[in-house]
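Index from 1, following the sequence. Owing to the predicted nature of the structure, the values given are computational and were not obtained by experimental measurement.
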Amino acid sequence: MEKPDSTSYDPLTGLPEYSSFLLSARKLLPNLESGTRLGLSITRISNYRYINLHFGDEIIKQILLDFKTSILSDNPDILLSARVYEGILLCLLRLDHNISAKDCKNTITRLNQSFMKKYAVQKQLHVSLHTGFYIFDYSGQRIEQIVSNANLAMETAEQKQLICHAYDEKLDLQNLKEMDIIHRFPEALKNDEFQVFLQPKISAKTMKIAEAEALVRWFPKDGAVIYPNDFIGILEESGNIGTLDFHLYEKVFSYLYQRMEQDLPVVPISLNVSRRQLDNPDKFLRKIQALFEKYPIPPSFIELELTESLSMQDYDTAYKFMISLKNMHLKISMDDFGSGYSSISTLANLPIDILKLDKALLDEAEYFPKKRIIISTILDMAKSMELNTVCEGVETELQVDFLKEAGCDYLQGFYFSRPVDMETFNQLLEQDCA
C-alpha cells in the first residue's frame with residue numbers, strides 16, 4: 001500500500017495511526033461497490049503492559065514489528081491497517097464472497113497460534129493475542145460502527161480467553177445486558193441485594209464440615225435470583241468488582257465475629273480474590289487490614305483464594321501480593337488448579353498453603369483411569385510440599401471414595417451440599433457439632 005502524504009504514522013511500527021485510518025476509511029468505503037464483502041479484525045496483545053514493564057521497550061517493539069511483518073504485510077487483500085494504541089492493531093480486508101466466519105476464524109487462529117508459539121519457543125516469552133473480527137457486505141455502514149462491532153468481538157474473545165471471536169448480533173444483545181447489569185449495580189448494593197452463600201468443605205478424615213467457601217448471590221427486589229456467571233465477569237470488566245468483593249468480605253468478617261462473640265461454632269471461610277484486585281494491591285491490603293481492626297477475629301479463620309490464571313498473568317505482582325498476605329498471617333489457596341494454566345513451577349515458587357483442584361479434573365474421573373492417575377500424582381506432590389488439598393465438584397460417592405483413598409484433605413461439592421444461605425449453613429454446622 002502506498003502511503004498518502006496526509007497520513008500520520010505510528011513512529012514505533014510505521015503503521016498509520018488510528019485517526020488516519022478513520023479518515024482513509026471514510027474516503028475508501030463510499031467508492032466500493034455495494035455488496036463488496038469486507039472484514040475488519042482487531043487484535044490485542046493482552047499482556048502488553050506486563051511485557052513492557054518486565055522486558056522493556058525493545059522487546060515490545062520487536063513483537064509489534066514482527067506482528068506487522070507476519071500478519072499485516074504482504075497481503076494484497078488488506079486495504080487499510082493501523083496501530084490503535086499500545087498493543088492494539090487492526091486491519092480492513094477485502095474478502096471473497098465464499099469466505100465464511102468459520103474460515104476467517106480458522107485462519108486467524110492458525111496465524112495467532114504460530115505467532116505465540118514462536119515467542120514461547122525462541123524467547124520463552126508468553127505473548128497473549130486475542131482477535132475480534134467482523135465480516136460484512138458493504139452497504140453504507142459507518143466505519144465507526146464497523147470498528148465498534150469488531151472491538152466488541154475482541155473484548156468477548158479476551159473475556160472468554162479465546163484466540164479469536166466473530167461478531168454477531170447476539171453480542172449486541174449481550175452488550176445491552178452488560179449495560180443493564182452495570183446500571184443496576186449501585187442501587188442493588190445500596191438495597192443489600194447481594195447475599196453471601198456458604199458452601200461447606202468437608203474433612204476427608206472426619207467427614208464433617210471443616211471449612212466453607214463464601215459465594216455471592218444477587219436477589220433483586222423486583223425479580224428472580226441472578227447467579228454469579230451472569231454478573232461477576234461484567235463487574236470485573238467494568239471495574240466494580242472490588243466494591244462488591246469488600247461488601248461481601250465485610251459480611252463474612254461480621255458473621256464470624258458475631259458467632260465468636262456468642263461462643264457459637266465457626267469454621268474458617270475462604271474468600272475469592274478478583275483478578276482486578278491486583279491492579280492496586282496496596283489498596284486491597286489496607287482494606288483487609290481495616291476489616292481485621294473493625295472485626296478482631298483470628299487471621300486463621302480467613303483464607304484467600306486466588307486463581308492460578310491470575311498468578312500466571314503477572315507473576316511478580318502476584319508473588320509480592322501473596323508475601324504481603326502471608327505477613328498478615330493469612331492462608332492462601334490456589335484456586336482452579338488444573339483448569340488450563342497449570343504449571344509445576346507455580347507450585348514450587350508461590351507462597352501458597354492450599355491447592356484447590358478444579359472441577360474439570362474430577363469430572364468423570366471414576367470412569368477414566370488416566371484422570372485418576374493425574375489427580376493422585378498432584379495430591380502426592382502437594383503432600384510432599386506440605387500443602388493442604390481441596391477438590392471441588394465432588395458429586396458422587398465413587399468420587400468421595402477415590403479422593404479419600406488418594407489422600408485429598410478436603411472435599412467440596414453438591415454431593416455434600418450446594419451453596420446455602422448463612423442461616424442454613426449454621427444449622428448444618430451445628431448438626432455436625434452436636
Checklist line | Full working for side-chain contact (heavy atoms from CB on, under 4.5 Å) between D335 and L306 | finding: CA-CA 6 Å; D335 195 11; L306 286 75; over 6 Å; no
Next item on the list: Please step through side-chain contact (heavy atoms from CB on, under 4.5 Å) for the pair I45 and L129, ending with a clear verdict.
Entry: CA-CA 5 Å; I45 303 171; L129 300 182; 3.7 Å; yes
Next item on the list: Could you walk me through whether L350 and M322 pass the side-chain contact (heavy atoms from CB on, under 4.5 Å) test, one step at a time?
Entry: CA-CA 8 Å; L350 290 176; M322 290 184 188; 4.0 Å; yes
Notebook entry, point to check: So N112 and T131, side-chain hydrogen bond (donor to acceptor under 3.5 Å, both in side chains) or not? Walk me through it.
Noted result: CA-CA 9 Å; N112 283 1; T131 299; 3.0 Å; yes
Next item on the list: Test salt bridge (charged side-chain N to carboxylate O under 4.0 Å, His left out) on E17 and R83 and set out the steps.
Entry: CA-CA 6 Å; E17 294 180 346; R83 181 187 181 199; over 6 Å; no
Check: Stepwise, does the side-chain contact (heavy atoms from CB on, under 4.5 Å) test hold for E144 with V147?
Finding: CA-CA 5 Å; E144 290 83 0; V147 172; 5.9 Å; no
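The 12-atom threshold is exceeded at CD of Q289, counting heavy atoms of other residues, nucleotides or ligands nearer than 6.0 Å. Annotation for H183: atom NE2 does not count as buried by contact number, only 12 or fewer foreign heavy atoms lying within 6.0 Å. Other residues, nucleotides and ligands contribute over 12 non-hydrogen atoms within 6.0 Å of the CZ atom of F219. Other residues, nucleotides and ligands contribute at most 12 non-hydrogen atoms within 6.0 Å of the NZ atom of K102. No more than 12 heavy atoms of other residues, nucleotides or ligands shown are found within 6.0 angstrom of NZ on K320. With a 6.0 Å radius and a threshold of 12 heavy atoms from other residues, nucleotides or ligands, K61 has its NZ atom at or below the threshold. More than 12 heavy atoms of other residues, nucleotides or ligands sit less than 6.0 Å from atom CE of M328. Within a 6.0 Å radius of NZ in K287, other residues, nucleotides and ligands contribute more than 12 heavy atoms.
Counting only heavy atoms from C-beta outward, the side chains of C104 and I99 approach each other to under 4.5 Å. L271 places a side-chain heavy atom less than 4.5 Å from the side chain of I302. Taking 4.5 Å as the limit, some side-chain heavy atom of L29 sits within range of a side-chain heavy atom of L92. Taking the side chain as every heavy atom from C-beta outward, F425 and I209 approach each other to under 4.5 Å. Residues K331 and L304 are not in side-chain contact: their nearest non-hydrogen atoms beyond the backbone lie 4.5 Å or more apart. Considering only heavy atoms from C-beta on, Y119 stays 4.5 Å or farther from H126 through its side chain. The closest side-chain heavy-atom distance from I288 to L325 is not below 4.5 Å. By the 4.5 Å heavy-atom criterion applied to side chains, F416 and P200 are not counted as neighbours.
Note on ring orientation: taking the six-membered ring where Trp is involved, the planes of Y249 and F246 are perpendicular (angle over 60°, cut-offs 30° and 60°). Ring orientation note: the planes of Y18 and F21 are close to parallel, at an angle under 30° on the 30°/60° scale. Using the six-membered ring where Trp is involved, F115 and F67 have ring planes that are perpendicular, over 60° apart on the 30 and 60° scheme.
Between K68 and D10 there is no salt bridge, since none of the side-chain N atoms of the basic residue sits less than 4.0 Å from a carboxylate O of the acidic one. Classification of K356 and E213 as a salt-bridged pair holds, one side-chain N sitting under 4.0 Å from a carboxylate O. Between R217 and D421 there is no salt bridge, since no side-chain nitrogen of the basic residue lies less than 4.0 Å from a carboxylate oxygen of the acidic one. Comment: D279 engages R276 in a salt bridge, judged by a side-chain N to carboxylate O separation of less than 4.0 angstrom. The pair D363-K359 meets the salt-bridge criterion, since a charged nitrogen lies less than 4.0 angstrom from a carboxylate oxygen.
Outside the 6.0 Å centre-distance limit, the rings of F185 and F231 are not counted as a close aromatic pair. Centroid-to-centroid, the aromatic rings of F284 and F321 come within less than 6.0 Å.
Distance CD1/I378 to CD1/I373: 12.0 Å, rounded to 0.5 Å. For the atom pair F197 CZ and L215 CG, the distance stands at 10.0 Å (nearest 0.5 Å). The NZ atom of K201 sits 9.0 Å away from the CD atom of E392 when rounded to the nearest 0.5 Å. Atom CG of D245 sits about 8.0 Å away from atom CG of N272, to the nearest 0.5 Å. Of the inter-residue distances, the one linking S41 atom OG with M154 atom CE reads 10.5 Å to the nearest 0.5 angstrom. Taking CD1 of I143 as the reference point, atom CG of L28 lies at 8.5 Å (rounded to 0.5 Å).
Judged purely by atom type and a 3.5 angstrom limit, S24 uses its side chain to pair as donor or acceptor with the backbone of S20. With hydrogens and angles disregarded, no donor-acceptor distance shorter than 3.5 Å links the side chain of N52 to the backbone of Y48. Checking side-chain atoms of Q399 against main-chain N and O of T396 turns up a donor-acceptor pair under 3.5 Å. A donor-acceptor pair is defined here as one N or O able to donate and one able to accept, closer than 3.5 Å; such a pair exists between the side chain of H130 and the backbone of L162. The backbone N or O of S300 lies less than 3.5 Å from no partner atom in the side chain of E303, so there is not a single donor-acceptor pair. Here the side chain of D358 pairs no donor or acceptor atom with the backbone of L361 at under 3.5 angstrom.
Judged purely by distance below 3.5 Å, without hydrogens or angles, the side chains of S100 and D103 pair a donor atom with an acceptor atom. N240 and S238 share a side-chain donor-acceptor pair at under 3.5 Å. For the residue pair S333 and D353, no side-chain donor N or O sits within less than 3.5 Å of a side-chain acceptor on the partner. Defined by atom type and a distance below 3.5 Å, a donor-acceptor pair is present between the side-chain atoms of E305 and S270.
The salt bridge (charged side-chain N to carboxylate O under 4.0 Å, His left out) pairs that include a residue from residues 49-58 are R49-E86, where partners are two or more places apart or lie in different chains. Within the structure, side chain to side chain donor-acceptor pair (under 3.5 Å) contacts touching residues 369-390 (residues at least two apart or in different chains) are T389-D409.
The minimum heavy-atom distance linking T156 with L152 is given by the pair OG1-O, 2.8 Å. The shortest non-hydrogen separation linking Y415 to E397 is CE1-N, 3.6 Å. Across all non-hydrogen atoms, the minimal contact from Y167 to N149 is CD1-O, 3.5 Å. Across R37 and D96, no two heavy atoms sit closer than the pair CD-O, 3.4 Å. Closest approach of P220 to V225, counting heavy atoms only: CD-CA, 4.3 Å. Of all heavy-atom pairs between S81 and L15, the closest is OG-CD2, 3.5 Å.
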